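Structure, as structure tokens:
Residue numbering restarts at 1 for every chain, and letters A, B, ... go by the order of the sequence lines. If you're wondering where the values come from, they're calculated on a predicted model, not measured in any experiment.
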Amino acid sequence: MSEAHYNHRFIEHKWQQTWRESKLYQVDNSSDKPGYYVLDMFPYPSGAGLHVGHPLGYIASDIVSRYKRQNGFNVLHPMGYDAFGLPAEQYAIQTGKHPADTTNENIDRYRKQMDRIGFSFDWSREVRTCDPSYYKWTQWIFKQLFNHWYNATSNKAEHIDNLVAIFENEGNVNVRHEGGEVQNFIAEEWLSYSPSEKEDILQQYRLAFIQETTVNWCEELGTVLANEEVKDGRSERGGYPVIKKAMKQWFLRITAYAQRLLDGLDTIDWSDSIKEIQRNWIGRSQGASVHFPIAKDPDQNSLEIFTTRPDTIFGASFMVVAPEHEWIDRLITDEQREKASAYVEWAKNRSERERMSDVKNVTGAFTGSYCIHPFTGKQIPIWTADYVLGGYGTGAVMAVPAHDSRDHAFAKQFGLDIVQVISNDEANVQEASFDTKEGTCINSDFLNGLSVQQAIHAIIKRIEEKKIGKAQINYKLRDAGFGRQRYWGEPIPVVYKNGLPTLIKDNELPLTLPQVESYKPTGTGESPLAAIDEWVKLEDGVRETDTMPGWAGSSWYFLRYMDPQNDEVLASQDAINYWGQVDFYLGGAEHATGHLLYSRFWNKFLHDIGVLPFDEPFKKLVNQGMIQGESHFIKVYRTLDKSQNIRRVIHSDENKFEPGVFHSFGGEELIIPLEASQHYDLVRVANDDVSNLKSKRLYKYDYDLLSTKELKIYFWTNEISHIEWLVDENGEQYIDLNWFSEKMSKSKHNVVNPDDICEEYGADTLRLYEMFLGPLEDAKPWSISGIDGVYRFLKKTWKLFIDKEGTYVPVSGDADKKSLKTLHATIKKVTEDIGRISLNTCVSTFMIAVNEFTEQKCTNKEVLEQFLILLSPFAPHIAEELWEKGGQTNSIALASWPEFDEKHLVEDSKKYPISINGKTRMMLELSLSLSKDEVEQEVLNNGDVQKWLDGQTPKKVIVVPGRIVNLVV
RNA sequence: GCGGGUGUGGUGAAAUUGGUAGACACGCUAGACUUAGGAUCUAGUGCUUAACCGCGUGAAGGUUCGAGUCCUUUCACCCGCACCA
């Protein structure tokens, strides 16, 4: 009964089970075949389950995997879960359920959803970052980071013991490192230091270290967040306010790798936009650091600044230090104390958010102190202003208002001198700064007459001779905060003995999470682990109670898939050598500065310490675009009491709120005073309801909108006073249902579950349809309309093989010339298109092929089976079923990709488009064996052409053999 | 402000080195077959027009026999960074 018609439910269930039982997609770490590693960014298993946007990338990578397998590669195509993280813990706090339990439930759901789509994952290699057998190695990597320092001479990480040996022999004078500032000392001094003093010094070298810094503290989440987890002064998850707070934190010294992270980008095949984002984030700038002696005390103290334009040093008319500058109190003189200190206090207390949203107002104060210009000897005033950032460079700048727009604005505001030092005919530097690095130096003593580039070299040389500074490179990249005051993360394998951090032994790994009573943050900034005395307190010390951030486990998971059960090492050398780098990595572009940068950092470190032979983790990266949801809304009016403040729940950006403008719910509660007595709002309608609607008009007699009993409309009902009804041709009242695209999420009630599509149309249809939507990398709205076309295509494909009685039709024999042409055109196009990840055009090509085969009434088994192989990476279930029906006993997944043969495409004639003055006027079929001149003659002698020429003689005839003929008159 | 990207029918989109713009689908319009169904099949469908002509790839110029594609200017939208000295 399942035979005659295409029955996706039966077929897909059957093959998913068969593949699972035969372990079809399991791969070995050794093979005669070359290895090929196809990786998806593994998901965080949230409670909402997968929506149709998630599988987009998995489908594309599955197609590539299956294609590579059929092309003779041994393909590693694993999947796992990024299972530590905040949402599970937030849920635990609300419900008291252990995050491990909810995480496992979510994982089970994800797995079921993925299984229905027919992926060729090798599930025997699954990893979960929250599994102790996995995070044992995350902890192990942390230990290595703690035990290594970055040697700037050898330009790689080296063991800390080597460093200590150097200190014991010769002190640190010859050691160049990437890390904190350290005073010089000699061997005898080192040997005389106490253990605690020694550790303080080593902390400046270690790649994992503790530091007191201002961190992004989120009160609501009770934790510290990384820079990229903060958006516009709020937490990315939840939209809660984030403030600056001083705390002791674990950090990883990613800045040591800044240059290599930059250089490595040139060696990998990633999109330009992601590379650019990373370059931007690393933010390299080349310049010089210069010391400006302080006038009060020129011999003792000097203010160090960083500039990329040392050539403009003669134009420096004042200095600016950040309000957070460590010397700010010393710089402020008694006369200026009142004003300047008040400014510093005000600036320090401004939130990041205020500061960012208020970049146009120029603020600052004079400290009262002066510097001595190292070249002119003139005294120049030192100001403080918050346009200079404490965290960048030295937190101080030399201000050159003539050639820096920010300095210019400041000089204008406070009436400071503007001295032009780069010539420029066009503009007046008193009016606007001239920032461009072009021109000739003037008013600059020995630099006069030099170009900007020449002057930069000359002045740096002079600065270095005078020993007042040096050429320097700065990076925006900051060291990565590595501690989270949360329960649901990897425990940091550190015990404090006499206050000094020490690593636990390898044989004590993994250090597992203990059971806790409450998952709530303590609120003091300590993790819930701190409350468990029996876990924290040891005979010889106390445990670190911070856990690792979410990105720890995901920074190396691609390595564990290579050898997931290994208990001796994170992955065996054999496995690592066989698989090597990830050949093809697919995932969202939103991880550009997080996961993708941290993974590269860890990979480089592991390379330095000899674990990995390669320096970059992901050879080729493709970013799939987001599938947006379709959100529906209706317009409702509200009448409000003017005096009343309306409590409303809106999304994170309150600036966007205006009466009558669409806004979404969830997030923070805000009170917005309203001027208008009446206005309308756009109100969501859940998609479940929309799918049942027959029209986009909601009639009053159908729905009791005010009570929302009929429609699940999400809004604050008691605030709605009336709906302005429209009236249709028949006098019936209705309201329009509108829609637009936005991110798919549970809170927006616009999620489409792939299970529903699989149930109704099948996984093969879902797979084809998601690819058919458009280019993989583009963002696109999800729309169900159009899926029928793909479903029809599969039914047509089925009918090529199975007739109405359920009989298998194709027979072996010599194939029709036309069918061979169709087949080989398809082989050519699909092979090329998979190669450039143009999967949408592959689907079109399949449709064209099936249309042609149907027209040709093609029943040739060899031709149709070759076609099935081409289709199988996209629609594996139907391909496998029809393959089996043809008597094949091995899975189609193991078949060889068809070979393209040019000879089937060779034509002896071509329908030439004949254009006159570039306009196509007619078609003319001509033999391809004709020479250019013969074609020209044929065309000119043709009666229809003569008609078009209307007696005129063409001035010129262009013949492109096999393509086009153009007549110029 | 800086960086990256995108603009093509009613819709999603094709168009390989400049060579028939709109493939393939959705939708729509007719029609066929039907125990009238959201099934299947046939024909049509960029705009304009009765038809021919004409006009058409965000806009304006340019190169070329020929431009969606190359060059210049410009507009709109999306994404990322944002006082980084």
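- Using a 4.0 Å cut-off between charged side-chain N and carboxylate O, A:Lys828 and A:Glu832 make a salt bridge.
- B:rU63 and B:rC47 have their C1' atoms separated by 29 Å, with the value rounded to a whole Å.
- Here the P atom of nucleotide B:rC83 and the CG atom of A:Leu389 are 6 Å apart, to the nearest Å.
- Within residues 825-842 of chain A, the residues approaching RNA chain B are A:Glu832, A:Arg836, A:Asn840, A:Thr841, by heavy-atom distance under 4.0 Å.
- Looking at which nucleotide of RNA chain B each of A:Gly774 and A:Gly283 is closest to, the 5′-most match is held by A:Gly774.
- Considering only residues two or more places apart in sequence or on other chains, A:Asn474 meets the side chain to side chain contact (heavy atoms under 4.5 Å, CB included) condition with A:Ser285, A:Phe306, A:Tyr392, A:Gln472.
- Note: OH (A:Tyr475) to P (B:rA85) measures 13 Å, nearest angstrom.
- A distance of about 15 Å separates the P atoms of B:rA25 and B:rG46, rounded to the whole Å.
- Here the P atom of nucleotide B:rG12 and the CD1 atom of A:Ile784 are 17 Å apart, to the nearest Å.
- Side-chain N/O atoms of A:Ser433 and A:Asp404 include no donor and acceptor closer than 3.5 Å.
- Within 4.0 Å of A:Phe772, counting heavy atoms only, lies at least one base atom of the nucleic acid.
- In this structure, the side chain of A:Arg284 does not engage the main chain of A:Ile282 through any donor-acceptor pair within 3.5 Å.
- A donor-acceptor pair shorter than 3.5 Å cannot be found between the side chains of A:Gln278 and A:Thr593.
- Taking atom C1' on both nucleotides, B:rA14 is separated from B:rA21 by 10 Å, rounded to a whole Å.
- You'll find the ring centres of A:Phe410 and A:Phe318 inside the 6.0 Å limit.
- Of the residues listed (A:Val850, A:Ile827, A:Val830), the one engaging A:Thr845 in a side chain to side chain contact (heavy atoms under 4.5 Å, CB included) is A:Val830, and it is the only one.
- In B:rG9 the O4'-C1'-N dihedral to the base is within 90° of 0, which defines a syn nucleotide.
- Using a 30° and 60° split on the angle between ring planes, A:Phe874 and A:Phe846 fall in the perpendicular class, above 60°.
- Between the P atom of B:rA43 and the CG atom of A:Asn851 lies a distance of 11 Å, rounded to the nearest Å.
- The nearest whole Å value for the distance from the CZ atom in A:Phe410 to the P atom in B:rA85 is 18 Å.
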Dump the pairs, protein N or O against N or O of nucleotides 18-21 of chain B, anything under 3.5 Å, distances to one decimal.
none

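- Going from atom CD1 of A:Ile914 over to atom C1' of B:rC65 covers 14 Å, rounded to whole Å.
- Rounded to whole Å, the P atom of B:rU6 lies 25 Å from the corresponding atom of B:rG61.
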Exercise for the section: Could you walk me through whether A:Tyr912 and A:Arg963 pass the side-chain contact (heavy atoms from CB on, under 4.5 Å) test, one step at a time? Expected result: CA-CA 7 Å; A:Tyr912 279 90; A:Arg963 285 226 186 247; 5.7 Å; no
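- For an aromatic pair to be called close, the ring centres must be under 6.0 Å apart, and A:Trp782 with A:Tyr769 satisfies this.
- Following rounding to the nearest Å, A:Asn623 (CG) and B:rC79 (C1') show an atom-to-atom distance of 12 Å.
- Looking at A:His5, its side chain never comes within 3.5 Å of a backbone N or O of A:Gly806 through a donor-acceptor pair.
- When the P atom is used for both B:rG7 and B:rA59, the distance is 13 Å, rounded to whole Å.
- Considering only the side chain of A:Lys780, B:rA13 comes nearest among B:rC65, B:rA13, B:rA85.
- If you look at A:Tyr761 and A:His8, their ring centroids are not closer than 6.0 Å.
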Listed pairs, N/O of protein and of nucleotides 32-41 of chain B, under 3.5 Å:
| from | atom 1 | to | atom 2 | distance (Å) |
| --- | --- | --- | --- | --- |
| B:rU40 | OP1 | A:Lys795 | NZ | 3.4 |

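- As rounded to the nearest Å, B:rU17 and B:rG62 have C1' atoms that lie 22 Å from one another.
- Between A:Leu794 and A:Thr765 the shortest heavy-atom distance is CD1-OG1, 3.4 Å.
- Here, B:rC26 and B:rC77 have their P atoms 34 Å apart, quoted to the whole Å.
- Closest to the A:Leu773 side chain, of the nucleotides B:rC65, B:rA85, B:rG12, is B:rG12.
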Handout entry: Contact letters for nucleotides 2-10 of chain B, in which S counts primed atoms plus P, OP1 and OP2 and B counts the base, heavy atoms under 4.0 Å
Key = -SS------
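- Listed pair A:Tyr392 / B:rA85 meets the phosphate criterion, a side-chain N or O lying under 4.0 Å from OP1 or OP2.
- The aromatic rings of A:Tyr6 and A:Trp798 are tilted relative to each other, their planes meeting at an angle between 30° and 60°.
- Comparing the C1' positions of B:rG44 and B:rG22 gives an interatomic distance of 16 Å, to the nearest angstrom.
- Ring pair A:His824/A:Phe900 is tilted by interplanar angle, where 30° to 60° counts as tilted.
- The separation between A:Asp435 atom CG and B:rA85 atom C1' is 11 Å, rounded to whole Å.
- No donor-acceptor distance shorter than 3.5 angstrom exists from the side chain of A:Arg309 to the backbone of A:Gly287, with no hydrogens or angles considered.
- In this pair, A:His591 and A:His595 present their aromatic rings perpendicular. The plane angle is above 60°, beyond the 30 to 60° band.
- Comparing A:Met847 and A:Thr307, the nucleotide of RNA chain B nearest to each residue sits closer to the 5' end for A:Met847.
- If you check B:rC65, B:rA85, B:rA23 against the side chain of A:Val397, the one that comes closest is B:rA85.
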Exercise for the section: Test A:His403 against A:Gln420 for side-chain contact (heavy atoms from CB on, under 4.5 Å), laying out the working first. Expected result: CA-CA 8 Å; A:His403 305 289; A:Gln420 181 169 9; 4.1 Å; yes
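- Looking at the side chain of A:Val388, the nearest of the listed nucleotides B:rA14, B:rC81, B:rA85 is B:rA85.
- In RNA chain B, runs of at least 3 stacked Watson-Crick or G-U pairs (N1-N3 plus N6-O4 or O6-N4, or N1-O2 plus O6-N3, all under 3.5 Å) give these stems: B:1-7 with B:75-81, B:10-12 with B:24-26, B:27-32 with B:40-45, B:58-62 with B:70-74.
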